[in-house]
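Values reported hereafter were calculated over all heavy atoms of this structure, with side chains retained and with hydrogens, waters and symmetry mates removed. For the single chain, residues carry numbers from 1 onward in sequence order. Whatever order the structure lists them in is the order used to number ligands and atoms, beginning at 1. The structure displayed is predicted, hence computed values, not measured ones.
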Amino acid sequence: MGEKRNIALLTSGGDASGMNAVIRTVTRYAIYNNLKVYGFYEGFKGLINNDFIVLDLNSVGGIIDRGGTFLYSARSEKFKCREGQKQAIDNLKKNKIEGLVVIGGDGSFRGAHELHKQGIQVVGIPATIDNDVAGTDYSIGFDTALNVIIDIMSKIRDTASSHERIFVVEVMGRNSGMIAVNTGIACGADYILIPEIEFDLAKIASQIKNHREGKRHTLVVVAEGAASASDVASSIKLLAGHEVRISVLGYIQRGGSPSALDRILAAEFGKKAVDLLLEGESDCMIGIKSMKIETSKFEDILEAKKNIDEDLYRLAHILAL
Ligand code: F6P
């Protein structure tokens, strides 16, 4: 039997729940395809420092339900310059690594694109709670973060309605309102403030002041990229004359055990990444698109049998090696 071909993977940028599940999929599916897998620590920083572990079936056991990333993550400034990239490429070549899977957000893919331009075969898997990467409806970690936030929002709502209070809740998202909008819709927020759409705090305050009789709470969700909860609360207090409480959710949004959706996406994305490398593809990102709302005739759905996804079924068994 000839020498095994080598691939590598790394997690980069802010950690996102489901990254470990992706590492497990890529590793086990790659081994199933007779590849040897190198896991680089701390993202591109590990590539530069040649800091890696050779992953086997056991090393990714018991991590499917763990948040964070056991390969650790970082945002490497050194990798942004040519010299850092050259060091990373030298290490990939030294270890005879033929393909690389980068798990992270758009910043990480900018790095991946640079590697591709310099001759490295590289594919990306979107993983960021911000869900701000184009080309996919969902990035790994987004659904888990939303579920964590939704749970907290219910608790805040209990207090808000018990005391007839206004709450301003600040969520993460960097420059994106994706988390805020989805939180707002899932929690029945009264106002959602996001960087993408202009808002008028005077108008909001006047509506809150004159809110309908019997309304016991007001929930305002603000994306960190739009304004700070304390600034929004001060304006509402000043303009509406009501007491306002704030809650900045911060880092409790990022960790924790991944949701079912994030684990399933981790399996699908991870498998596809390895397939793409085997097919010789590069410079691309895997995603899921067009979960469109559609209408079906009763007769069509009553006649039809809903099939399970057999590929997914098979993949679950491959990954349980
Ligand atoms: O990208 C994920 C994220 O949590 C953003 O929502 C947030 O703005 C940022 O990371 C915080 O970054 P750091 O953890 O480096 O402070």
Asks: Would you please say whether a donor-acceptor pair under 3.5 Å links the side chains of Ser59 and Asp56?
Replies: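 Side-chain D/A pair, Ser59 to Asp56: present.
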
Asks: Among all protein heavy atoms in this structure, tell me which lies nearest to atom 12 (O) of ligand 1, with the distance rounded to 0.1 Å.
Replies: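 That would be Arg75 NH1, 3.3 Å.
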
Asks: Which residue supplies the protein heavy atom nearest to atom 6 (O) of ligand 1, what is that atom called, and how far is it?
Replies: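 In this structure, atom 6 (O) of ligand 1 has Asp130 OD1, 2.7 Å as its nearest protein heavy atom.
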
Asks: Between Asp130 and Ser176, does any side-chain donor sit less than 3.5 Å from a side-chain acceptor?
Replies: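 Ser176 and Asp130 do not have a side-chain donor-acceptor pair below 3.5 Å.
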
Asks: Does any donor atom in the side chain of Tyr29 or Asp275 lie under 3.5 Å from an acceptor atom in the other side chain?
Replies: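 Asp275 and Tyr29 do have a side-chain donor-acceptor pair below 3.5 Å.
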
Asks: Going by heavy atoms in the side chains, are Phe52 and Asn95 under 4.5 Å from each other?
Replies: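 In contact.
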
Asks: In the protein, which heavy atom is nearest to atom 7 (C) of ligand 1, and how far is it?
Replies: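 The closest heavy atom on the protein side is Glu224 OE2, 3.2 Å.
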
Asks: Looking at Gly173, which atoms of ligand 1 are within less than 4.0 Å of one of its heavy atoms?
Replies: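 In order of number, 6 (O).
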
Asks: So which protein heavy atom does atom 16 (O) of ligand 1 come closest to, and at what separation?
Replies: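 Among all protein heavy atoms, the one nearest atom 16 (O) of ligand 1 is Tyr251 OH, 2.6 Å.
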
Asks: Looking at atom 9 (C) of ligand 1, what's its closest protein heavy atom, distance included?
Replies: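 Closest protein heavy atom to atom 9 (C) of ligand 1: Arg174 NH2, 3.5 Å.
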
Asks: For residues Val248 and Ala229, report the shortest heavy-atom separation together with the two atoms involved.
Replies: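 Result for this residue pair: CG2-CB, 4.1 Å.
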
Asks: Between His217 and Arg157, do the side chains contain a donor N or O and an acceptor N or O under 3.5 Å apart?
Replies: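 The criterion, which ignores hydrogens and geometry beyond distance, is satisfied for His217 and Arg157.
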
Asks: Would you mind checking which non-hydrogen protein atom is closest to atom 4 (O) of ligand 1, with the distance to 0.1 Å?
Replies: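 So the nearest neighbour among protein heavy atoms is Arg254 NH1, 2.8 Å.
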
